[in-house]
Structure formats: structure tokens, C-alpha cells
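Labels below follow one simple rule: chain letters A, B, ... track the order of the sequence lines, proteins then strands, and each chain is numbered from 1.
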Number of protein chains: 2
Amino acid sequence: MEPSWDDLRTVLSLVRGASLASAAEELGVNYTTVARRISRAETALDQKLFDRLADGYRPTEAGKTIAEHAARMEDHAHGLMRQLQGQDNTLRGPLTITAPQLLIAHALAPAIDQFCTAYPEIALHVRATNDLLDLNRREADLAIRISRDPGDSLKGLRLTQQHSASFATQAWADRIADDPDTLIDWVVYAAYQDVPRNVDPTFPNHRIRLTFDDMVAIRAAAQAGLGVARMPLFLGRATPGLVQIPVLPPQPYAEIWAVGHPDVWPAAKVTAFRNILVPHFRSIRDKFVAKAA
Amino acid sequence: MEPSWDDLRTVLSLVRGASLASAAEELGVNYTTVARRISRAETALDQKLFDRLADGYRPTEAGKTIAEHAARMEDHAHGLMRQLQGQDNTLRGPLTITAPQLLIAHALAPAIDQFCTAYPEIALHVRATNDLLDLNRREADLAIRISRDPGDSLKGLRLTQQHSASFATQAWADRIADDPDTLIDWVVYAAYQDVPRNVDPTFPNHRIRLTFDDMVAIRAAAQAGLGVARMPLFLGRATPGLVQIPVLPPQPYAEIWAVGHPDVWPAAKVTAFRNILVPHFRSIRDKFVAKAA
DNA sequence: TCCATACCATGCGATATTGCATATTATGAA
DNA sequence: TTCATAATATGCAATATCGCATGGTATGGA
């Protein structure tokens, strides 16, 4: 007897998740179902695929072998779904996009609104996250990303350039204006761990006061007066309580791209979304870049 | 909604078989089940996968796309099953071998008997056919073939060389002995369509009387006295009513090989079978080759 | 024309699968 | 020790799936 393909897939999920509950969640079934499918596969193959331990299921060699091949099968299943979607020329049904929360809040919302109105039959799902979702696995159909280039083997469309600058409360702005030599507290990304390069030499004294791994937190800290933060123009300008200060002159920041998998790119729904995105970003370009001097 | 992997597999079978009944047979289910799985997949994808015609189901572009990817998934499923089998070091359960009918009847039967006795827990299945079964698709685990080399990307083990010669009834033998110039009727393979090369020039007159596409038929024709046939020594010698005649001197014929897929080759059951096959063929080598002059 | 054949569609009862509720066990922190 | 947590197992009822039987339709040959 050979196990069914769905049972092979279940083995894959269980090897990945290492527990019935985790695999069940991934598959969208009850965890008892996972347990029974595994038993069924073991019976069909007449060999043990997992050791039942107190802290979960640990795959045997045979279980690992199945998982490896099932992962390839899954690749093809994903490729299939992408290709079907790319061929889909209807303007109804589900469409998933992803973008960073802050970009949605300050730049994307009107475009999303316009899209929903224009295509009421499309069920738009927006995943607001800074995580780079896996477009191969169809975690999203189109991603709006802040990065230097589309990367990978993905298709990309540049929506706009943007600049960053320094922002702080009015109190900080006044203090720095009064005394350029004052010690300037910075609130920065943990990833950088240093004061931005290219600060205006007029302001010689800096220190890192706080680091965060999230821009929302940095902005909140700046709003609370904890220091100066470098952020994209669109964000600083739109944040109440923050004003742009001359410590860091406006300078190029990572661009904003729409990226998608080449298979999915030509789909009617994806194209329709891009066709709203492009003029929208053209119309709000001034939010992102400093005026030419 | 995404279709289940088993439903994708069902689409593949239906694209291949072009009718519910054919797909159902391939999958080992009732044909109504196939129809319902297709409907389910179409609902899940919200698009038609087949046109229902009077003479069967014809796939749409989407249906074909699914079939292409599902075929890749199937390749991996086969690869998986082969690999699992290759890792299997038990001596119980199913084992499928294939060999030409005539070879089984005249040379292999004792080895098969010996194997079944030695490994009673192995459920041996013998597919007696001249068709080259697809070892990639696990139509057999080990094949015994008459050919020049294992071919493809398969593993091979040469079991014996063999010779062919000319055989006919005693009446023909007498007639040719009396008059070497007599017109000799040949019964030959359709594929060759000509008298064998290397006939002894002592016998100058030949004609093709009959062609067949099957050795069993050729042998029967020769037994019935319809003419002279070239066949492997082991076959001619074992056929009642036929005697070897000097028209065609013994000469090299295609060798006998055990061939298998490299993945499956190391499996305990397959190895066990080979380990019986090799000494068996060594012990019956005289059936296959002419005595050294 | 008529019949045999090879398809597909659908209703119904049998069966297999699934989810829920509950029981059980090991682990680690208070 | 005791309790909370996170795992796996299992009985039972709901549900989905399946196979069978029946009916319908087009095709091709007698």
C-alpha cells in the first residue's frame, strides 16, 4: 500500500512542526487528524515514521526521507498555484498584498481605498508587516517593500525614491538651534548601532541614547522627547509632535518598490493593483523627497 | 481555497486517461469519485478544469497546467517510494520482479521457487512480460532482461552470455542434411525482416516464409514444421519437437541481465533475489552457451 | 432502424474520516 | 511537593467521502 499524497504532506508538516498541534495548525485540521494520518501512513508503509516522545514527534530516517521529497512536491504545488494565478484574468476573488505598517498608514491607505472601490468583487487581504513574506510560497501576491532593489528572482517596479532626515520634538529643535554644540541624543535602529553618517559637522556632539529594532518604537521615543531620530521624510513629516531638524540633511534612503513573483506578476488582479499604485505614488511624490534646493 | 494534493493527482489521472473510467481505474477508485474530486477541485479554484464532452473529459488550459505540475509531483512521489524501498532492510513484504515469459518458463522457475522457500515472508510478484516495465515508476523492483546492456540510468548485473542457433523439426533437419541446396523456409522476427546474417554458406538457398512479432509464436510455427527459426539455445534445446540444425552456427546473442533502479538496488529484498539469481545462472550456464569447440 | 457500447449524471445507503471532549503523561517553575 | 503547561492518546458523535445502482445521451455497426 502506498500512502496518499495528502498523508505525505501531513508527514512534511509534522516534521516541520515537530508537534501534532503545530502541524495541525499549518494544515488547518484538528491535531487528532494529524495523528491518525501519520498512523495511516505508517501502516501503509509498514514502518515507523516518528518516535513518539514526551515533547513531540521526532522523525525517523524514513520520516525525514518522506519530508524531503514531500517538500519538493510542495514546491511544485506552490509553482502550480502561482502559475494558475498568473493565468487568471478575472477581477474577482482573493488578492493578498503586504507592506510595512507605517507605509500603509501614511501612504498606501488611499490607494487601497481606491482599489477596493474600483474592484468591489476582489477580496483584498492586506498583511501589514515588516517581515519579508515568501512570495514563492504565496504568502502574498504583491509586496510593497522598502529596499535597494527587488532582489532574489522577483519582478520589481520602482514606485518612488525617498529621502531620510532627522526629526525630533520642538524642544530638541530649539535647544539645538540655540546651541549647536549641545550633546545630541540619538534614538537609532539596533541594526546600525551608530549615529548616522553624513551628519552636518555644524553639530559635533552626539551619543546613542537608545536602540530599537522597530521604527514604530523609534518614532514613539522621538515623540516622547528621548532624542533625535533618523527616519524617512514621509514618516517624520506625518508624525505629530516631530519637526525636521537640520542635524542630518535630507539624503537618499532606500527606495519603495512593488515586487512580486514573475509567475504571479501578470495576473489581472495584480496588474490592476499596480495600475493604481503607480499613479498614486506619482501624485504623492512630494511626501517622500526633499524639494530640490 | 486550495485543492488537496490528492485532487491534483486525480486531475493528472483524468488528463492522462481522458475519461472518468480510465482515471478511476488508474487510481483504484470508483469513477464517480473521480467526477466528484474534479468538481471539488474546480470549486476550490473557482475555474473550470475540464470540458465535459460526450466522449470524455477534455482538459482546459488550467487543467493542463495542473497536470504538468502534478506530473512533477508524481515524479517526486515515485522517487520517494524508490528511496524508501532502497533503505528497506527487511526481508518481508512485497517484491515485484519482471522477466520475459519464456525465460521464466525455461530458466527462472527454479530460482523463483528457491527464493520463495528461502524467504517465505516476502510476497513475490512476478510480472511475466516482454514489455520493458518502467522501473522509475516502480512497475517492477528488479527486471531480468535480454539486452546488450542495462541501458538508461539503471544499475545492471550480467547474469550470463548466451548463444543463438537455428532450430527446426526433425523432418526439416533430415531434408536439409540430405540436400544442402534445398530451399530453406525461415520463420523470423518482424523486426528483422530478413534471413539471419552469418548463415553457413553450405546452405545457399533461403526465403522468409513468415514473420511474427513474438517468440512464442515463432517457436510454435517452427514446431509445426513451417520452417527454420533462429532462437536462443536455451529455448530451442528445451522445445519438444525441435532439433538444432547446422544452418546457422551458434553465435553470440543478447546477454541476460538483472537490471534495477539505483535507488531500489540496495534494498535487502532485491539484494536477496540477486544473490539467488547469480549462482543459479552460473549453475545453468550450459543451457545458454554452445560448448567450446 | 435498432442495438450494443462507452461515456456521463445523480440519488442513496455504507463507510471512512474528522472534530470534540476527555483522559493521561512528562516537564519545569513556584 | 504542587500546580500549570504542553504534549499525546482515545471514545464517540457529526460529517464528509465513497461505491453502487439507476438513468440519460451520443456514437457506430449490423
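Between B:D7 atom CG and D:dC18 atom P the separation is 8 Å, expressed in whole Å. Put simply, OH on A:Y57 is 14 Å from C1' on C:dT25, counting in whole angstrom units. Put simply, CZ on B:F50 is 12 Å from P on C:dA9, counting in whole angstrom units. The nearest whole Å value for the distance from the CE atom in A:M1 to the P atom in C:dA16 is 12 Å. Straight-line distance from the CG atom of A:L27 to the P atom of C:dG19: 10 Å, rounded to whole Å. A straight line from CZ of B:R52 to C1' of C:dT10 spans 14 Å, rounded to a whole angstrom. Following rounding to the nearest Å, B:R58 (CZ) and C:dC8 (C1') show an atom-to-atom distance of 15 Å. The distance between atom CG of B:L14 and atom P of C:dA9, rounded to the nearest whole Å, is 11 Å.
The side chain of B:N30 contributes no N or O atom lying less than 4.0 Å from OP1 or OP2 of D:dC18. In terms of phosphate contacts, B:R36 brings no side-chain nitrogen or oxygen within less than 4.0 Å of OP1 or OP2 of C:dT10. Within the structure, every side-chain polar atom (N or O) of B:T32 is placed at least 4.0 Å from both OP1 and OP2 of D:dG19.
Using a 4.5 Å cut-off on side-chain heavy atoms (C-beta onward), B:F50 and B:R58 make no contact. For the pair A:F115/A:I112, no side-chain contact is recorded, criterion being any heavy-atom separation below 4.5 Å from C-beta on.
A distance-only check finds a donor-acceptor pair linking the side chain of A:D88 to the backbone of A:T90 [under 3.5 Å].
Across all strands, B:R37 comes closer than 4.0 Å only to sugar-phosphate atoms, never to a base (heavy-atom distances). B:S19 comes within 4.0 angstrom of sugar-phosphate atoms only, judged by non-hydrogen atoms across all strands, and of no base.
With salt bridges taken as basic N to acidic carboxylate O contacts below 4.0 Å, none links B:D6 and B:R37. The residues A:R16 and A:E26 are annotated as salt-bridged, a charged nitrogen and a carboxylate oxygen being separated by less than 4.0 angstrom.
The base of D:dA7 does not come close enough to the side chain of A:Y31 for any donor and acceptor atom to sit less than 3.5 Å apart.
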